[in-house]
Structures are given as structure tokens and as C-alpha cells.
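Input: a single structure, listed below in C-alpha cells.
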Amino acid sequence: MPTIAEREATVCFNTGKRFPVTIVRGEGSRVWDDQGKSYLDFVAGIAVLALGHGHPAVVETLKSQAAQLIQVSNYFYSVPQIELAELLTQVSGLSRVFFCNSGAEANEGCIKLARKWGQTEKNGAFEIVAMEQSFHGRTLATVTATGTPRYSEPFQPLPDGFRHVPFNDVAALEAVVGDRTCAVMLESVQGEGGVNVPDPDYLPAVRALCDERNVALIMDEVQTGFGRTGRLFGFQHSGVAPDIMAIAKGLGSGVPIGAFLANERFSVFQPGDHGTTFGGQPLTTAVALSVVRTIIKEDLPAQAEAKGERVRAKLRALEDRHPQIVDVRGQGLLIGIEFDGEIAGAVVSACRERGLLCSNLKPTVIRWVPPLTVTEAELDEAAAIFDTALSAVEPAEPTRSLSGTR
Ligand SMILES: *Cc1c(COP(=O)(O)O)cnc(C)c1O
């Protein structure tokens, strides 16, 4: 009998390495594999499962909405879509929303909206200034916006009009934003790029520059949204507001849904400019409505902030015993741990063997993104597993840190 890994290798595109685990069941912050072994799930579907596995707000809403109505298309009105739009505009301070199915699609919509605005309101300005080490998705435009060239290079020629500057560097941004620029695009904390938290005065300075030079500020809150960083949206830490925002991941806590929003000034789409078959349908919007209401009602952003602070302090306390740890950083429950050598893959494996799932973002950085509903006991358990896992991993040759920003 071939294993599932052998069967996968026969029939699926090989687009990346999978961890050698077949997950068959989940509950809260825990999953079980096909051998019955349990793990703390600090991948959480890649920062998707805000409410963890099997939360009744998701499961009960999915069941009842599936029985009532799944899909109608956007030729018709549906109540859950409009209710979710009302809630999202209210909590974000933005005025209009378009629903789609993923983070990449949400960013693609942001890019199209900013381009349309540049074309009609700023003399054809079309350039988007994005950040090095950013991640915005895998469609042709979003992979071009993404600041990791190796993701886009195989697909040349790429769409025109994207440039990149270092994150957390106001002077570099000032040097390139001009008459041709329609938007600056960034994450409030870079997730995939290594959990890079900008200085507190960075986003206010970016906001001021965008105002001064008349360009849209697009914030990609796909990973940082919905409580992950300790606020409902990551931008709320710095007191600035985006003009255009992409969301996805935690919004559906497991159902595929994304959206982009804009303030009135940048809401320039007209009939025919954009569309979708699956976006905004009753099933996913009903679940997202229930998820967002739960996040707010249970004050999960504040919980994420407190739990994140506490576990980062615990992890920092390990630095004495494990000098391989050179930085513990993050916001809320978006946590990055950096090592002084290329041991992240080995640490992830050692954690997995001991019952903790997490992932490595680069050879020197691992990420923890547990469900926001994770308990303090589970976080303590994970810290203890991490401690023993690190002891089991041989220190590697120190290398210079790859992440330029904190
Ligand atoms: C995951 C992610 C995306 C892409 O989302 P998909 O749903 O995989 O298309 C875009 N931006 C950020 C910041 C992300 O973390």
C-alpha cells in the first residue's frame, strides 16, 4: 500500500515541502494525526483559525447556513453579505467593502482599485510602492507586489509599475513616492517575511507621506487582522487608518473568505469594474459574521495581547539557557523567534516530534500563530516543548541574521 505522501507525490503539483504529518481531526488548539498522536497547533491553518478548531460559532453557523442557502451569486442580494459588510465597515472605519475568497484576491482588488483611482483622479499615476520582504499573495500582480523576488522571477514578464523599498525606512519611501505613484502598500507587521514589527513612528510617518504626496495607503491586514496582533486590526496600534485595506485569513476562522475595503475617497469602482462568482456568498459571509461577532464579544484582541506578552516573556526567559535564541518578537499572538544559526527547520521538527506544530519562515526564524482562543496552560505547554526541543537541536554555525528589520 502506498503511503499518503507517495500518493500525493504522484498526483499533486510539487509546489512546496509538506511536514510529514497527516492531520485528521482538530479541537480547540489541538489536532490529531492519523496515528492518533496529538499536537498543539500553533500553525492554525497559517494564522487562519482565530477561534481554533471546531468552534461552535463556525460549526453551528456552517451547518445551519448550509441547510438554508449556500450560493446565490452577486446577481442577487443576500442578508449575511450585507450584515457582514455593515459590521466590517463599522469596525474598520472604512466605508465600502467587496468580498472575495482569499488574501491574494483581496490584495489584487486593492491594487485594481488604487490603479483605477490613479487613472481617474491622479493623471494616470499607476505605480505601487511595496516593501522588501513583504508578502501579498500568489496571483501575478500580488506576487509582483510581494517583496521576495524568487516568488515572481519564474513568471516574467511581470506586470509593470511595482517598486520595492526596505520596510521600516521612511527615507527610502520618501525617495520614491512621487507623481507616478498611486499607492503605498504594506503590512502593519510583516508576517511571512519574518514577523517584522516596525518602529512605533513608522506607520504614522507613512500615513503623513501618503497624505502629503496624494497617494493611497493600502494596508494588507490579511495576517494581522481580526485580533491576531492584540487589536482588531494591526493598524490600530499606531493610530493611523489605511485608505484601502485587504483582509482574509482570520476573518472566516477556516472558511475561505477575503475582502477589501476603502474609504469614500478611494471607492472609485463603477459597475463592471470588478466581480466574482464565489465572493460574498451566504455560506462564507454567515460564518464570518459569526466569527467577527465572537471575536468582538469575547474580546479576543485584548486576550491575544495579554497572552502574547506573557508567552514572549516566557520565551525570552529561555534565552539564558539557549543562547541560540537571538530575538523573540511580535505583536499579540503573531510571534517570531529568531536564532543565530540556520536551525529553524531542525527546531520545527524537534517541536513536532514532541507534540507542537509550528513553522519556519526562513532558515533562522520560526513563527507561532496559535488560535486566539489558546489557553495560558497551552502556551506554557508549548514553551516547555520548545525548551526541550531546543536542547535536542545542536547549535549550528552562527550566520548573520537575514532579517533587516525588527
Ligand atoms: C497569507 C497572506 C496573503 C495571501 O493570502 P492567500 O489567502 O494565501 O491568498 C496575503 N497577504 C498577507 C499579509 C498574508 O499573510
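Note that these values count all heavy atoms, side chains included, but never hydrogens, waters or copies made by symmetry. Whatever order the structure lists them in is the order used to number ligands and atoms, beginning at 1. Note that the structure is a prediction, hence the values are computed from the model and not measured.
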Testing the 3.5 Å rule here: is there a donor-acceptor pair between the side chains of His237 and Thr229?
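Looking only at side-chain atoms, Thr229 and His237 do form a donor-acceptor pair, the distance falling under 3.5 Å.
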
Distance-only donor-acceptor check, side chains Glu121 and Asn214, under 3.5 Å: no

Problem set entry | Thr224/Glu221 under side-chain hydrogen bond (donor to acceptor under 3.5 Å, both in side chains): CA gap, chis, key distance, verdict | CA-CA 5 Å; Thr224 46; Glu221 291 271 352; 2.7 Å; yes

Go through ligand 1 atom by atom and flag the ones less than 4.0 Å from a non-hydrogen atom of [X].
{"X": "Glu187", "answer": "13 (C)"}
{"X": "Asn107", "answer": "10 (C), 11 (N)"}
{"X": "Gln223", "answer": "15 (O)"}
{"X": "Ser102", "answer": "7 (O), 9 (O)"}

Is there at least one pair of N or O atoms, one from [X] and one from ligand 1, spaced under 3.5 Å apart?
{"X": "Asp220", "answer": "yes"}
{"X": "Ala104", "answer": "yes"}
{"X": "Phe135", "answer": "yes"}
{"X": "Glu105", "answer": "no"}

Pairwise side-chain contact, Asp243 with Leu217, heavy-atom cut-off 4.5 Å (strictly under):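 A side-chain contact under 4.5 Å exists here.
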
Taking the side chain as C-beta and beyond, is there a heavy-atom pair between Cys351 and Phe386 under 4.5 Å?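 Yes; the side chains approach each other to less than 4.5 Å.
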
Logged contact type for Ile46 with ligand 1, heavy-atom cut-off 4.0 Å, is neither

Honestly, for His136 the part within reach of ligand 1 (heavy atoms, under 4.0 Å) is backbone

Rounded to the nearest 0.5 Å, the CH2 atom of Trp32 sits from the OH atom of Tyr39 at a distance of 12.0 Å

Tell me the salt bridge (Lys or Arg N to Asp or Glu O under 4.0 Å) pairs involving residues 71-96, sequence neighbours left out?
->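 Sorted pair list: Glu83-Arg293, Arg96-Glu264.
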
(request) Give the residue, atom name and distance (to 0.1 Å) of the protein heavy atom nearest atom 2 (C) of ligand 1. (result)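 For atom 2 (C) of ligand 1, the nearest protein heavy atom is Lys249 NZ, 2.5 Å.
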
Check: Which protein non-hydrogen atom lies closest to atom 7 (O) of ligand 1, naming both residue and atom, and how far is it?
Finding: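 The closest one turns out to be Gly103 N, 2.8 Å.
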
Across all chains, not counting sequence neighbours, the salt bridge (charged side-chain N to carboxylate O under 4.0 Å, His left out) partners of Lys314 are Asp380

